[in-house]
S.K.: 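Attaching a single structure in structure tokens format; questions to follow.
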Amino acid sequence: MAIPDIKPPNTGPDVSSDLLLKFYFEMLRVRLVEEGIADRYSEQEMRCPVHLSIGQEAVAVGACQALQPRDKVFSTHRCHAHYLAKAGDLKRMLAEIYGKAAGCIGGRGGSMHLMDPDKGMIASIPLVGSSIPLAAGSALADQRTGSDRVTVAFFGDAALEEGVFHECGNFAALRRLPVLFVCENNLYSVYTHLDDRQPKRPLTEVARAHGMPALAGDGNDVVAVYQATREAVERARRGEGPTFLLFDTYRWREHCGPNYDNDIGYRSESEYLEWRERCPIAHQRRLLFEAGLLDPDQEEARIAKIRAEIDAAFAFAKSTPLADPSQASDHVYA
Amino acid sequence: MAIPDIKPPNTGPDVSSDLLLKFYFEMLRVRLVEEGIADRYSEQEMRCPVHLSIGQEAVAVGACQALQPRDKVFSTHRCHAHYLAKAGDLKRMLAEIYGKAAGCIGGRGGSMHLMDPDKGMIASIPLVGSSIPLAAGSALADQRTGSDRVTVAFFGDAALEEGVFHECGNFAALRRLPVLFVCENNLYSVYTHLDDRQPKRPLTEVARAHGMPALAGDGNDVVAVYQATREAVERARRGEGPTFLLFDTYRWREHCGPNYDNDIGYRSESEYLEWRERCPIAHQRRLLFEAGLLDPDQEEARIAKIRAEIDAAFAFAKSTPLADPSQASDHVYA
Amino acid sequence: MPDDRVITFGEAIREGLIEALARDEAVFLMGEGIADPSSFWGTTAGVVERFGPDRVMEMPVAENGMTGVAIGAAMAGQRPVISLHRVEFALLAIEQIVNNAAKAHYLSNGYHKVPLVIRIVIGRGWGQGPEHAQSLESVFAHIPGLKVVMPTFASEAKGMLIAAIEDDNPVIFIEHRWLYNVAGHVPEGYYRQPLNGPKVAVKGRDVTIVASAYMTLEAVRAAKVLEDIGCSAEVIDLRVLRPLNLGPVYRSVQKTGRLVTVDTGWVQYGIGAEVVARVASECFEALKSPPLRLGPPDHPTPSSRGLIPGFYPDGDRIVQEVGKLLAIDPERLKAGRRTLAEQRRDLPIDTPDPFFKGPF
Amino acid sequence: MPDDRVITFGEAIREGLIEALARDEAVFLMGEGIADPSSFWGTTAGVVERFGPDRVMEMPVAENGMTGVAIGAAMAGQRPVISLHRVEFALLAIEQIVNNAAKAHYLSNGYHKVPLVIRIVIGRGWGQGPEHAQSLESVFAHIPGLKVVMPTFASEAKGMLIAAIEDDNPVIFIEHRWLYNVAGHVPEGYYRQPLNGPKVAVKGRDVTIVASAYMTLEAVRAAKVLEDIGCSAEVIDLRVLRPLNLGPVYRSVQKTGRLVTVDTGWVQYGIGAEVVARVASECFEALKSPPLRLGPPDHPTPSSRGLIPGFYPDGDRIVQEVGKLLAIDPERLKAGRRTLAEQRRDLPIDTPDPFFKGPF
Ligand SMILES: Cc1ncc(C[n+]2csc(CCOP(=O)(O)OP(=O)(O)O)c2C)c(N)n1
Ligand SMILES: Cc1ncc(C[n+]2csc(CCOP(=O)(O)OP(=O)(O)O)c2C)c(N)n1
Ligand SMILES: [Mg+2]
Ligand SMILES: [Mg+2]
């Protein structure tokens with residue numbers, strides 16, 4: 001029985017300084033987009049539920065940077081960061097959230113259904129666990145056609161409780177599918193702590209049930225995420241099958257919506273503050289400064305560029321027309 | 001993290017000779033009942049699918065002997081052995097299979113739905129995995145009411161592939177429910193071998209995913225089954241939660257129906273013969289003779305009694321009237 | 001018992017749960033988000049504090065398993081109430097509901113009982129989109145062995161919930177999210193509202209409108225406007241989709257000769273189909289014009305408020321259609337529609353209409 | 001193309017699968033028991049031998065996951081055909097079917113396609129019992145975005161299966177188990193039978209009988225007997241439950257003025273409800289008598305052959321009901337029923353009637 005054991009991702013020096021910089025600015029961009037959403041949400045023009053990834057950016061960015069553009073991603077209700085990290089179009093994302101015709105899917109889905117399939121962001125499905133078999137099916141299609149693409153299923157800690165995750169783990173391991181099961185463990189499902197939903201055991205143990213290797217890493221360390229994912233991607237491309245990846249991280253704001261909610265009683269301010277200390281973006285920034293890879297002027301210029309892009313995208317999303325009712329009945333059947 | 005490891009059941013001398021004899025005759029009774037069904041099936045009076053447990057009797061008998069009458073059992077499409085081992089009424093069982101009004105459920109379910117709730121044989125459900133949550137729910141009810149009863153979910157190897165098994169494993173471990181997950185691994189789901197359905201890894205690894213202890217034992221050794229189950233029952237009664245029990249065994253006849261089918265190509269005659277060598281009943285008989293616990297006359301007398309009981313039950317089942325259409329619409333609502 | 005107390009539908013549900021928990025130790029709640037600060041849209045607020053986590057059990061995210069566990073507990077004599085935030089999540093549990101919950105009593109020749117309530121929320125609005133805004137009640141209503149209840153008014157929500165919990169059968173209890181803040185007179189204390197079928201919400205002579213849940217409110221609103229312009233519509237709140245007792249509907253159609261149904265879910269193979277089919281058989285002679293079915297068009301629910309106009313039937317649409325059916329003078333009809341338009345003014349299309357705050 | 005070749009419905013399905021596999025590399029089969037000696041009741045016999053295990057993929061017992069995998073593969077350009085032995089197993093996958101398969105095209109604003117066929121078997125007999133003999137087609141027929149097909153005759157089974165595989169939408173392909181051994185003239189080779197709605201199976205003037213699958217055969221049998229006793233029944237085979245095109249039914253009812261529906265599944269909220277509701281609206285003036293719906297009674301399917309008599313509608317029941325509807329002279333009716341009784345004689349009630357072997 002040769003199930004590779006869980007091991008710390010090899011945090012070697014093999015990440016170029018360009019990439020280290022890229023990690024930082026990609027995460028920062030995701031953060032700034034989501035803060036932009038949070039700041040404007042009370043205007044009540046984004047009229048759909050929003051689930052922000054603020055605090056969790058390292059997982060989306062680290063994992064997607066380990067992918068090629070042709071690789072594919074499936075996400076959940078909390079999909080903004082994955083969409084952006086997979087090079088999804090920002091203007092079309094915000095337009096979608098504003099319900100506009102220019103949205104990435106014409107306003108049909110809103111924030112919980114972001115997709116940009118041409119970029120490999122295939123679909124986001126808001127039912128917990130429901131996109132996991134789609135990802136396995138995507139990997140099966142690639143395996144059948146001899147493509148070397150890899151598919152990633154992002155999901156939260158609660159998805160481990162849904163049977164469909166296990167059905168797919170079993171199948172993917174059996175068929176050695178080129179799929180990565182990336183669990184973004186932020187400790188909560190809505191307002192319920194992991195300890196109230198799952199027995200105490202390392203979450204990576206679920207991989208054993210399906211004879212699949214597991215890798216775990218600090219989900220607030222983008223380099224660690226990148227390296228673990230890259231290893232899993234290489235395995236998959238070599239035809240060695242799926243890997244379960246576990247990244248612990250933390251959602252800073254409320255489950256759904258733009259606000260902070262540490263006061264409502266399901267978690268403590270101190271827990272939040274501890275995790276906030278471990279901000280993945282601040283961490284990466286420190287690392288860059290310490291390594292002398294970033295100077296303040298350069299940083300400021302890049303940030304200004306990002307802000308300008310984001311402001312332009314919001315301006316676009318606000319001004320472009322709403323989706324039109326005459327289109328509502330299109331595309332029921334192909 | 002304190003997940004007890006898989007260990008061989010403690011095959012000590014703590015099984016009384018009375019019990020060893022009981023094991024033998026109970027298994028033999030199950031075998032003779034099912035052979036009686038097989039012999040008569042071609043008469044086409046038992047007009048429902050039948051899934052025989054011939055070859056697998058040690059699991060039902062060993063496990064149920066470790067239970068008290070007040071404990072509860074849930075089974076599957078392959079439920080005859082569990083029904084009998086849990087003291088289900090033989091006459092009402094056969095009448096049910098014959099579609100008679102005197103059947104244990106008045107002919108409503110046939111062979112795949114045997115139940116005798118007053119004996120603790122609560123329900124048999126022919127959808128793979130579908131009775132497992134019912135068993136967990138039964139255990140939850142007992143936990144809530146402070147009862148010390150234990151519930152057993154019997155299921156086949158294929159049930160591990162169904163998500164619902166994992167959902168229940170997680171929940172039972174989380175809540176420390178007094179439930180036993182007993183997997184009767186006969187290597188096949190219909191005509192598909194385990195290796196074509198699950199990745200290679202010890203099946204007991206599924207327990208780890210849910211932080212639950214596992215015990216594995218020779219499913220053709222009734223004493224081993226009994227001892228492993230007893231250990232799990234004791235844990236459950238002490239409030240220590242669920243156990244996953246794995247018993248490897250083998251179905252001798254076709255998946256559904258009375259015949260042998262080693263000729264149709266899904267498994268080899270030699271595989272069958274190897275397992276047949278390991279007949280749980282012959283094994284137990286040998287053990288009894290070697291230990292001087294059984295003499296041939298005594299055996300013959302007991303067998304004659306069992307045969308007489310079975311013949312009488314068939315006679316009853318055949319002669320008692322069919323269920324009547326006028327009753328068909330009763331009990332849709334309570 | 002002062003019945004002039006006004007509380008919302010959501011509060012009424014909460015009271016029903018509390019009354020049932022207090023009355024019977026066997027009653028307990030299971031679900032995701034019922035013992036947390038969201039407290040299932042407020043319907044379980046404070047309940048875990050009062051009854052403890054063993055009576056208000058927060059569950060893992062595993063709808064199929066959870067439902068099966070509840071069925072097993074119910075078969076063992078408990079009276080669980082499960083709550084599911086959206087009907088889409090209930091789809092994961094439908095094998096358990098259809099095969100085990102609905103059939104245990106029948107299959108066991110009357111031995112097993114499944115005193116289980118499954119609260120399922122349907123609804124709409126605020127850009128929920130295609131997978132969070134379906135109304136799939138007809139799927140459950142098709143299955144013998146289930147009871148399917150869909151209350152509209154606060155006092156009935158409480159009484160029918162208590163009756164559902166007392167019932168020895170599995171009851172699918174459907175709550176429309178846009179009703180939660182609608183208020184009504186609700187008696188205090190423990191009381192049952194029998195699960196015995198439709199009720200006339202507005203008396204009338206010219207046309208029978210059969211609706212459920214939030215659509216009943218739209219129909220009531222339409223009936224008021226129609227009244228003003230000289231048309232008397234009878235509105236019947238369906239309330240119990242299974243077992244289906246259409247006696248009051250037949251009596252109404254015998255009188256009015258005209259039938260309009262308004263579904264919250266899709267029209268094709270929907271609730272209105274059954275109502276129309278039965279009325280067509282039972283009131284064949286009485287019908288003066290073809291029965292008419294209203295409901296959302298036959299496509300998924302888009303998220304954007306830009307795509308939603310025209311999707312859901314509303315008072316205005318009902319008034320228009322009844323106008324056509326009864327050949328109401330177009331000028332009078334316009335007046336009625338103007339009243340409705342004034343009530344709505346610049347209200348957003350994707351939040352509950354404050355007109356419906358009640359009390360009803 | 002010799003179309004006088006007679007093969008069974010099951011063989012026709014098998015031919016359709018083989019033709020599709022041979023035509024398009026993207027087509028592959030997934031399921032439990034499709035690459036084993038049982039070969040899905042023979043419908044995949046020899047197929048794995050010819051196309052190999054990568055085109056005929058035996059799957060773990062995990063209907064929900066398997067269906068989602070097929071949807072994902074279809075979105076990626078493959079054309080999977082999944083097979084489910086009983087509609088009860090499909091219930092486990094209904095979240096994937098309703099939320100993902102049915103909505104991916106709509107939700108993606110036309111980008112994603114889901115060229116997926118889900119073969120679902122319904123049926124009855126030999127004591128299958130309550131959880132192995134349901135006919136839940138109306139559940140799927142309710143969902144926009146799905147196509148739902150239910151063939152009766154062998155040649156159509158093959159052609160519609162090929163059309164379903166070519167279709168870029170998810171198609172629920174419902175096969176009634178008692179049809180597998182019914183034979184008919186089936187062309188060789190690759191051909192499509194468009195998924196375009198009902199077809200007149202028997203022409204007639206006095207009453208319109210709308211049925212599907214095995215019930216169509218019972219209706220055809222009834223029509224023959226009715227013919228003998230001087231009543232001309234038109235039998236319409238519904239074939240496509242969604243998208244629903246009732247044009248031929250309307251035309252028929254315009255002519256006959258009378259409608260009887262015969263469902264394989266429960267009547268309440270069933271297929272016939274939609275047919276009757278539409279006809280009541282579209283052919284209001286033409287209807288001469290109340291439409292009538294037949295189907296199994298409103299309770300689970302018991303296993304025992306002792307409990308089954310009267311459960312399923314059959315030719316005799318249809319003849320009786322049409323007799324009442326048309327006030328046929330009781331003596332003539334008796335003669336017709338006698339013919340049917342002679343055909344049946346001592347046949348068991350729980351196996352397919354050999355009368356229906358065909359060719360049709
Ligand atoms: C099948 C299903 N059940 C319940 C829900 C309600 N729900 C929405 S988000 C969520 C929390 C999921 O937690 P997790 O998977 O850890 O993701 P996170 O929100 O923490 O990113 C739940 C339970 C759902 N969307 N789908
Ligand atoms: C949900 C579901 N899927 C498929 C089936 C069809 N089926 C009936 S028995 C069986 C084999 C189950 O194998 P296992 O669980 O190992 O039990 P065994 O028959 O070997 O005792 C299958 C797949 C079913 N009954 N239920
Ligand atoms: Mg989480
Ligand atoms: Mg097996």
Side-chain angles (χ1 to χ4, degrees), chain B residues 44-50 77 96-101 103 105-113 125-130 156-164 188-194 196-198 254-256 261 263-266 321-333, chain D residues 31-40 48-49 53 57-68 84-93 95-96 125-134 266 268 296-312 348-351:
Chain B
Q44 307 216 344
E45 286 189 53
M46 288 176 266
R47 301 178 78 87
C48 63
V50 291
H77 57 288
E96 183 63 30
I97 298 176
Y98 277 86
K100 301 305 179 73
I105 47 176
R108 284 160 179 244
S111 152
M112 303 194 292
H113 285 284
I125 307 289
L127 277 95
V128 172
S130 186
D157 41 301
L160 302 188
E161 295 148 35
E162 290 283 4
V164 73
Y188 292 90
S189 167
V190 193
Y191 298 133
T192 305
H193 193 276
L194 188 58
D196 296 323
R197 298 179 286 114
Q198 299 182 28
E254 60 191 341
H255 166 71
C256 178
D261 69 351
D263 54 317
I264 66 172
Y266 72 100
L322 268 177
D324 190 85
S326 67
Q327 322 268 287
S329 61
D330 294 349
H331 304 308
V332 183
Y333 292 97
Chain D
E32 300 158 19
I34 58 168
D36 76 359
S38 78
S39 61
F40 209 83
V48 67
E49 287 78 0
M57 293 179 50
E58 192 62 33
M59 298 291 283
V61 185
E63 291 76 9
N64 188 17
M66 175 174 84
T67 304
L84 294 158
H85 282 93
R86 325 239 173 213
V87 69
E88 285 85 357
F89 312 164
L91 293 179
L92 285 162
E95 191 278 310
Q96 286 295 327
W126 199 257
Q128 301 294 317
E131 300 183 1
H132 273 50
Q134 294 168 84
W266 290 300
Q268 252 188 66
D298 204 46
H299 63 75
T301 320
S303 166
S304 169
R305 70 189 187 284
L307 296 165
I308 282 296
F311 187 77
Y312 294 108
I349 196 168
D350 54 355
T351 55

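Throughout, protein chains are lettered first and strands after them, A, B, ... in sequence-line order, and every chain is numbered starting at 1.
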S.K.: Considering only heavy atoms, which portion of D:Asp350 lies under 4.5 Å from any heavy atom of chain B: side chain, backbone, both, or neither?
M.R.: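 For D:Asp350, side-chain heavy atoms alone lie under 4.5 Å from chain B.
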S.K.: So, taking the atom named CD in B:Glu254 and the one named OH in B:Tyr191, what distance separates them when rounded to the nearest 0.5 Å?
M.R.: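 Reported value, rounded in 0.5 Å steps: 5.5 Å.
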S.K.: So what's closer than 4.5 Å to chain D heavy atoms on B:Tyr333: side chain, backbone, both or neither?
M.R.: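 No part of it gets close to chain D.
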S.K.: Please report the closest heavy-atom contact between D:Trp266 and D:Gln134, naming both atoms and the distance.
M.R.: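 Nearest heavy atoms, D:Trp266 then D:Gln134: CH2-OE1, 3.5 Å.
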S.K.: Side chain, backbone, both or neither: which part of D:Pro297 has a non-hydrogen atom closer than 4.5 Å to chain B?
M.R.: neither
S.K.: Sequence neighbours excluded, which residues qualify as side-chain hydrogen bond (donor to acceptor under 3.5 Å, both in side chains) partners of B:His331?
M.R.: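 Expected list: none.
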S.K.: Does B:Asp196 have any side-chain contact (heavy atoms from CB on, under 4.5 Å) partners at least two apart in sequence or in another chain, and if so, which?
M.R.: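 Listed in chain order: B:Thr192, B:His193.
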S.K.: Look at B:Ala158, B:Ala323, B:Gly99 and state which one has the largest set of heavy-atom pairs under 4.5 Å with chain D.
M.R.: B:Ala323
S.K.: Can you say whether D:Glu63 sits under 4.5 Å from chain B via the side chain, the backbone, both, or neither, judging by heavy atoms?
M.R.: both
S.K.: Look at B:Val332, B:Val128, B:Leu127, B:Val190 and state which one has the largest set of heavy-atom pairs under 4.5 Å with chain D.
M.R.: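 The residue among B:Val332, B:Val128, B:Leu127, B:Val190 with the greatest pair count is B:Leu127.
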S.K.: What part of B:Ser189 is in contact with chain D, defined as an atom under 4.5 angstrom from a non-hydrogen atom: side chain, backbone, both or neither?
M.R.: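 For B:Ser189, the side chain is the part near chain D, not the backbone.
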S.K.: Of all the heavy-atom pairs spanning B:Glu161 and D:Val61, show the shortest one and how long it is.
M.R.: OE1-N, 2.7 Å
S.K.: Name the region of B:Met112, side chain, backbone, both or neither, that has any atom closer than 4.5 Å to a heavy atom of chain D.
M.R.: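 Interface part for B:Met112: side chain.
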S.K.: When you measure from the side chain of B:Glu96 to the backbone N and O of B:Ile105, does any donor-acceptor pair fall under 3.5 Å?
M.R.: yes
S.K.: D:Pro130, D:Gly129, D:Gly65: which one forms the most heavy-atom pairs within less than 4.5 Å of chain B?
M.R.: D:Pro130
S.K.: At a 4.5 Å cut-off on heavy atoms, which part of D:Ile308 comes close to chain B: side chain, backbone, both, or neither?
M.R.: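 Neither part; nothing is under 4.5 Å.
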S.K.: Under 3.5 Å, is there a donor-acceptor pair between the side chain of D:Gln128 and the main chain of D:Ser303?
M.R.: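 Not at all, since once roles are kept as given, no pair shorter than 3.5 Å links the two residues.
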